[in-house]
2 protein chains.
Amino acid sequence: MTRVVRMIQGRWKLPILFRLYADPSMRTSRLRRDLPGISQKMLTQHLRELESDRLIERIDFGEKPPRVEYQLSEAGKGLLPVLIATRNFSASHPA
Amino acid sequence: MTRVVRMIQGRWKLPILFRLYADPSMRTSRLRRDLPGISQKMLTQHLRELESDRLIERIDFGEKPPRVEYQLSEAGKGLLPVLIATRNFSASHPA
DNA sequence: CGGCATCCTTTCTGATACTG
DNA sequence: CAGTATCAGAAAGGATGCCG
């Protein structure tokens, strides 16, 4: 359990996963636009960590200019119930 | 959503909630014993934060020596689906 | 027993500049 | 566009000592 906690720990981990849950495949720039306030650094860093935790997959189209997309891996999709439960809780929870 | 993310952010937040989910009411000392590695400081600090976020309730029995118990609040119980989903994911996820 | 205060270290995050 | 590198500040966490 501690392991899962660590995997989703980080200011933007869940928000990123949420975006990839709402949109199956997202380009880096779009991901960034959809996460107001995130810095270039944290976006990349978190994406790298999520990737090495096998929760997301990075697809490099090898184009020029660069085009890279991210999506939930099969393992990552196992988190959907967590994401959904979190969203539900959030929705039923006025500040 | 950001708000919920912040509420469960912290090395021991989810582990604490998990313990209170497994055992409806827990004494401080027991909570501490059940969370190997947690420091006195972080336990208290996280409990305070969870309390001010209304996820748990603190019951002071006003005894001497002190006896204090913590439990999930009604609002906190709304997190059960999240906890359960997290546990399931964790269980289905070998390192 | 449960908790507070302090100090210190580690980790995290953001800003900025630069690259292919 | 996507990413790396570096630096500095902020925040998180741990150790210790003390109290009612």
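Quick note on labels: first sequence line is chain A, next is B, and so on, each numbered from 1. Because only heavy atoms are used, hydrogens play no part in the values below, and waters and symmetry mates are left out as well, while side chains stay in. Since the model is a prediction, treat every value here as computed from it, not as a measurement.
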Step by step, work out the side-chain hydrogen bond (donor to acceptor under 3.5 Å, both in side chains) result for A:Ser73 and A:Glu57.
-> CA-CA 6 Å; A:Ser73 66; A:Glu57 280 162 7; 5.0 Å; no
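- The distance from atom CZ of A:Phe61 to atom P of C:dG20 is 24 Å, rounded to the nearest whole Å.
- Rounded to a whole Å, the CG atom of B:Asp60 is 12 Å from the C1' atom of D:dG20.
- Note: B:Tyr21 and B:Phe18 have perpendicular aromatic rings, judged against thresholds of 30 and 60 degrees for the angle between ring planes.
- Rounding to whole angstrom units, CG of residue A:Leu43 and C1' of C:dC12 are separated by 16 Å.
- Contact annotation: B:Arg58 reaches the phosphate of C:dG3 (side-chain N/O to OP1 or OP2, under 4.0 Å).
- Of the inter-residue distances, the one linking A:Leu14 atom CG with A:His46 atom NE2 reads 10.0 Å to the nearest 0.5 angstrom.
- Taking atom NZ of B:Lys64 as the reference point, atom P of D:dC19 lies 15 Å away to the nearest angstrom.
- Nearest nucleotide to the side chain of A:Thr44, out of D:dG3, C:dC1, C:dG3: D:dG3.
- Separating the CD atom of A:Gln9 from the C1' atom of D:dG13 is a distance of 12 Å, rounded to the nearest angstrom.
- Comparing D:dG14, D:dT6, C:dG20 by their nearest atom to the side chain of B:Met42 picks out D:dG14.
- The side chain of B:Arg48 places an N or O atom within less than 4.0 Å of a non-bridging phosphate oxygen (OP1 or OP2) of C:dC4.
- Here the P atom of nucleotide C:dG2 and the CD1 atom of B:Ile38 are 14 Å apart, to the nearest Å.
- An OP1 or OP2 oxygen of C:dT13 is reached within less than 4.0 angstrom by a side-chain nitrogen or oxygen of A:His46.
- Counting non-hydrogen atoms under 4.0 angstrom, A:Arg30 reaches nothing in the nucleic acid.
- Remark: C1' of D:dT4 and CD of A:Gln45 are 12 Å apart, rounded to the nearest angstrom.
- Distance from the side chain of B:Thr28 is smallest for C:dG2 among the nucleotides C:dG2, D:dG14, C:dT13.
- Among D:dA15, C:dG2, D:dC1, the nucleotide with an atom closest to any side-chain atom of A:Arg27 is D:dC1.
- Listed pair B:Ser29 / C:dG2 meets the phosphate criterion, a side-chain N or O lying under 4.0 Å from OP1 or OP2.
- Closest to the side chain of A:Lys41, out of D:dG14, D:dA2, C:dG14, is C:dG14.
- The minimum heavy-atom distance linking B:Arg11 with A:Val5 is given by the pair O-CG1, 4.1 Å.
- In this structure, B:Arg11 places its CZ atom 12 Å from P of C:dT11, rounding to the nearest Å.
- When each of A:Trp12 and A:Gln40 is assigned the nucleotide of DNA chain C bearing its nearest heavy atom, the one mapping closer to the 5' terminus is A:Trp12.
- Both A:Leu80 and A:Val4 belong to a common hydrophobic cluster when Ile, Leu, Val, Met, Phe, Trp and Tyr are linked at side-chain heavy-atom distances under 4.5 angstrom.
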